[in-house]
There are 2 protein chains.
Amino acid sequence: MVDSAEKQRGYEAQLRDAGVRMTRPRRAILKILAETADHPDAMEIFRRAVALDDSISLSTVYRTMKLLEDKGAIQRHAFAGGPSRFEQADGAHHDHLIDIDTGNVIEFQSDRIEELQNEIAKSLGYDIVHHRLELYGRKRRKR
Amino acid sequence: MVDSAEKQRGYEAQLRDAGVRMTRPRRAILKILAETADHPDAMEIFRRAVALDDSISLSTVYRTMKLLEDKGAIQRHAFAGGPSRFEQADGAHHDHLIDIDTGNVIEFQSDRIEELQNEIAKSLGYDIVHHRLELYGRKRRKR
DNA sequence: CTCTTGTTGCAAACGATTTGCATTTGCATT
DNA sequence: AATGCAAATGCAAATCGTTTGCAACAAGAG
């Protein structure tokens with residue numbers, strides 16, 4: 001298992017180098033992101049953050065998420081219907097399979113699909129800036 | 001070119017058969033949907049509807065869109081950032097390429113990608129209920 | 001330690017959408 | 001054609017996720 005404390009230090013260093021001030025709320029949020037393996041939304045991050053620093057405010061969470069997104073430290077996913085959910089941007093690119101019944105998110109990746117996307121965009125005269133591929137599914141009943 | 005008036009009549013018949021009351025606002029909205037080739041959002045539909053019936057209200061537009069969605073007559077697309085946009089559900093399935101600069105939506109379809117999606121879901125133990133594939137791109141600069 | 005500037009918490013504003021409610025309307029029934 | 005009632009409407013207020021204005025505050029360069 002990866003050392004999340006170390007990961008957090010990495011985050012902080014990276015951001016400080018980018019000229020970002022290291023404040024108490026930001027440290028709390030980075031800690032949460034470094035430790036988390038799921039895709040929490042702003043409210044969930046806020047809840048976890050309050051446990052570390054009870055003076056933190058929801059707006060700061062939102063502002064920080066935007067900042068981290070701009071700096072490329074996290075990725076924002078706007079799944080159908082609900083609020084934006086976030087994840088660290090350190091891993092490789094992947095898409096999502098969302099369990100309709102539980103809201104669980106499973107990550108997957110397919111080079112072949114990416115290739116096809118590029119071909120399609122190209123044939124339409126476009127360059128892809130980013131894309132969104134989400135499968136909404138239900139666990140296959142045991143047969 | 002397809003006769004949109006006829007298409008509209010088709011809509012109405014289909015809905016009446018499903019036990020849906022045909023009201024003035026609903027007729028207006030169906031007319032708009034039958035005539036439209038783009039992907040308008042609720043506000044845009046409301047604007048066009050007011051031109052046909054100036055007593056229509058925005059909430060009725062929203063209620064009607066939900067009704068039509070439930071009845072399977074239209075499809076709702078929640079593109080990144082903006083409001084939901086709608087289109088008729090009569091055509092074949094397709095995905096979307098959204099022009100980042102203009103908001104234009106281009107439809108495309110790839111059997112190959114659909115196949116791959118199914119394979120992936122299957123290998124993860126899921127059945128796909130629906131999916132969302134959106135390419136966000138920028139028109140290729142002439143070179 | 002001080003100064004400057006960025007950051008915070010709070011509350012109010014926001015855009016998209018939904019809802020409660022009193023009123024109107026579709027339409028099946030007389 | 002007149003009636004009755006459930007369903008649909010318009011309006012305003014509520015809701016949800018998110019952003020913003022602002023005065024107080026704190027990071028970190030000097």
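Computed from heavy atoms alone, side chains included, the values below leave out hydrogens, waters and symmetry copies. Below, chain A is the first sequence line, B the second, and so on; all start at residue 1.
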Could you pick out which residue, A:G19 or B:F86, lies toward the 5' side of DNA chain C when each is mapped onto its nearest nucleotide?
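The residue mapped nearer the 5' terminus is A:G19.
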
Please enumerate all residues that pass side-chain contact (heavy atoms from CB on, under 4.5 Å) together with [X], with sequence neighbours excluded.
X	value
B:Q88	B:K7, B:Y11, B:D90
A:L15	A:V20, A:M22, A:L30, A:L68, A:K71
A:N104	A:D99, A:T102
B:D54	B:V50

For the pair made of CE in B:M65 and C1' in C:dA16, what is the distance, rounded to whole Å?
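Going from B:M65 (CE) to C:dA16 (C1'), I get 14 Å.
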
Residues that, via side-chain heavy atoms closer than 4.5 angstrom, fall in one hydrophobic cluster with A:F79
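A:I98, A:I100, A:V105, A:Y136, B:V129, which link up through side-chain heavy atoms under 4.5 Å apart, make up the rest of the cluster.
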
Shared-cluster residues of A:I32, by chain and number - hydrophobic side chains joined below 4.5 Å:
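Besides A:I32, the hydrophobic cluster comprises A:L52, listed by chain and residue number.
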
Angle between the two end axes of the helix from C:dT18-D:dA13 to C:dT30-D:dA1, five base pairs per end, rounded to 10 degrees?
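It works out to 30° between the end axes.
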
Could you tell me which residues satisfy side-chain hydrogen bond (donor to acceptor under 3.5 Å, both in side chains) with A:S110, sequence neighbours excluded, listed by chain and number?
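With neighbours one apart ignored, the set is empty.
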
With sequence neighbours left out, write down each residue that passes side-chain hydrogen bond (donor to acceptor under 3.5 Å, both in side chains) with A:D70, or none if nothing qualifies.
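In terms of side-chain hydrogen bond (donor to acceptor under 3.5 Å, both in side chains), with neighbours along the sequence ignored, A:D70 is linked to no residue.
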
Polar side chain donor-acceptor pair, A:H94 to A:Q75, under 3.5 angstrom:
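No.
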
Per-nucleotide protein contact along nucleotides 18-30 of chain C, 5' to 3', at a 4.0 Å heavy-atom cut-off (B base, S sugar-phosphate only, - neither), is BBB----BBS---

Walking along DNA chain D from 5' to 3', note the first and the last nucleotide with an atom under 4.0 Å from a heavy atom of chain A, and give both.
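Listed 5' to 3', the contact boundaries are D:dG17 to D:dG28.
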
Any side chain to side chain donor-acceptor pair (under 3.5 Å) pairs touching residues 20-33 of chain B, not counting sequence neighbours?
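Listed by first then second residue: B:K31-B:E35.
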
